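Report on one structure; see the data block that follows.
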Amino acid sequence: QVQLVESGGGLVQAGGSLRLSCVASGRTFSSYAMGWFRQAPGKEREFVAAISWSGGSTYYADSVKGRFTISRDNTKNTVYLQMNSLKPEDTAVYYCAADLVRVGATEAYEYDYWGQGTQVTVSS
């Protein structure tokens, strides 16, 4: 079992920055990959970024490449999503997820555990 708790969401103006955090508990954090997804109202949940168990490999959706950075601190059981140059279209609920089997998965069904989500709203 893995429990995930996100934080760091909020309201920010376009062009601003936010850093999301996701703290994991349960299984050994350094043994599995992590991902971030987002879901806007009326839309399907979409992949944002993923990171390998060691942090050595990262993966990004084209829509956030160059603006968002995923990282992890295995000593703190935490994965981060640094979001810069935010746009109104980044507005969504952001979820972190744990993948116990794969690395770099981009489909929601491939992840095994999910957090409750944190709202990010970008005003124009």
Side-chain angles (χ1 to χ4, degrees):
Q1 288 278 7
V2 175
Q3 294 78 42
L4 303 171
V5 179
E6 303 98 333
S7 62
L11 174 64
V12 64
Q13 288 189 331
S17 298
L18 281 175
R19 188 176 81 156
L20 306 183
S21 299
C22 172
V23 178
S25 60
R27 295 181 65 150
T28 303
F29 183 65
S30 59
S31 67
Y32 52 87
M34 294 292 296
W36 285 97
F37 285 74
R38 65 187 182 186
Q39 188 167 18
K43 295 189 176 182
E44 293 188 354
R45 194 167 297 191
E46 66 172 356
F47 171 74
V48 175
I51 190 167
S52 63
W53 63 271
S54 67
S57 297
T58 56
Y59 311 82
Y60 296 95
D62 287 342
S63 59
V64 307
K65 204 170 292 184
R67 300 188 299 123
F68 291 11
T69 303
I70 188 171
S71 62
R72 66 190 294 161
D73 185 341
N74 288 345
T75 68
K76 297 182 178 179
N77 289 0
T78 302
V79 62
Y80 304 97
L81 186 68
Q82 177 67 44
M83 305 185 295
N84 299 330
S85 302
L86 282 161
K87 305 175 181 180
E89 51 263 44
D90 294 319
T91 296
V93 177
Y94 283 71
Y95 299 89
C96 66
D99 187 343
L100 305 185
V101 177
R102 289 157 289 262
V103 174
T106 61
E107 298 292 335
Y109 73 84
E110 296 178 295
Y111 286 78
D112 303 290
Y113 296 96
W114 293 83
Q116 82 289 350
T118 186
Q119 177 71 49
V120 171
T121 303
V122 184
S123 64
S124 57

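Worth saying up front: this structure is predicted, and the values here are computed from it rather than measured.
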Hey, any chance [X] and [Y] share a hydrophobic cluster, counting ILVMFWY side chains that come within less than 4.5 Å of each other, even indirectly?
{"X": "Val48", "Y": "Val12", "result": "yes"}
{"X": "Phe47", "Y": "Val120", "result": "no"}
{"X": "Trp36", "Y": "Leu100", "result": "yes"}

For [Y], is there any backbone N or O sitting under 3.5 Å from a side-chain donor or acceptor partner on [X]?
{"X": "Arg102", "Y": "Ala33", "result": "no"}
{"X": "Arg67", "Y": "Ser85", "result": "yes"}
{"X": "Thr118", "Y": "Ser7", "result": "no"}
{"X": "Tyr111", "Y": "Cys96", "result": "no"}
{"X": "Asn74", "Y": "Trp53", "result": "yes"}
{"X": "Arg45", "Y": "Ala108", "result": "no"}

Gap between atom [atom2] of [Y] and atom [atom1] of [X] - 0.5 Å precision:
{"X": "Asp73", "Y": "Ser30", "atom1": "CG", "atom2": "OG", "answer": "11.0 Å"}
{"X": "Leu20", "Y": "Tyr95", "atom1": "CG", "atom2": "OH", "answer": "13.0 Å"}
{"X": "Ile70", "Y": "Ser52", "atom1": "CD1", "atom2": "OG", "answer": "9.5 Å"}
{"X": "Gln13", "Y": "Ser124", "atom1": "CD", "atom2": "OG", "answer": "9.5 Å"}
{"X": "Thr106", "Y": "Glu46", "atom1": "OG1", "atom2": "CD", "answer": "11.5 Å"}
{"X": "Asp90", "Y": "Thr121", "atom1": "CG", "atom2": "OG1", "answer": "11.0 Å"}

**OP:** Report the C-alpha separation of Lys65 and Asp62 in whole Å, then their side-chain angles, then the decisive distance to 0.1 Å, and conclude whether the salt bridge (Lys or Arg N to Asp or Glu O under 4.0 Å) test is met.
**Re:** CA-CA 5 Å; Lys65 204 170 292 184; Asp62 287 342; 3.2 Å; yes

Student check: side-chain heavy atoms of [X] and [Y] closer than 4.5 Å:
{"X": "Met83", "Y": "Val64", "result": "no"}
{"X": "Thr69", "Y": "Leu81", "result": "no"}
{"X": "Val103", "Y": "Tyr59", "result": "yes"}
{"X": "Tyr94", "Y": "Glu6", "result": "no"}
{"X": "Arg38", "Y": "Thr91", "result": "no"}
{"X": "Lys76", "Y": "Ser21", "result": "no"}

[X] to [Y] - nearest heavy-atom pair and separation:
{"X": "Ala40", "Y": "Ala92", "value": "N-CB, 3.8 Å"}
{"X": "Val93", "Y": "Gly117", "value": "CG1-CA, 3.8 Å"}
{"X": "Glu110", "Y": "Ala105", "value": "OE1-CB, 3.3 Å"}
{"X": "Gln3", "Y": "Gln1", "value": "NE2-CB, 3.6 Å"}

Original post:
Mind checking what makes ring-ring contact (aromatic ring centres under 6.0 Å, His included) contact with Phe29, not counting sequence neighbours?
Top reply: Tyr32

Original post:
By ring-ring contact (aromatic ring centres under 6.0 Å, His included), which residues pair with Trp114, not counting sequence neighbours?
Top reply: Phe37

Original post:
How about Gln116: does its CD atom have over 12 heavy atoms from other parts shown lying under 6.0 Å from it?
Top reply: yes

**OP:** For Met34 and Leu4, run side chain to side chain contact (heavy atoms under 4.5 Å, CB included): C-alpha distance rounded to whole Å, both residues' side-chain angles, the deciding distance at 0.1 Å, then the answer.
**Re:** CA-CA 10 Å; Met34 294 292 296; Leu4 303 171; 3.9 Å; yes

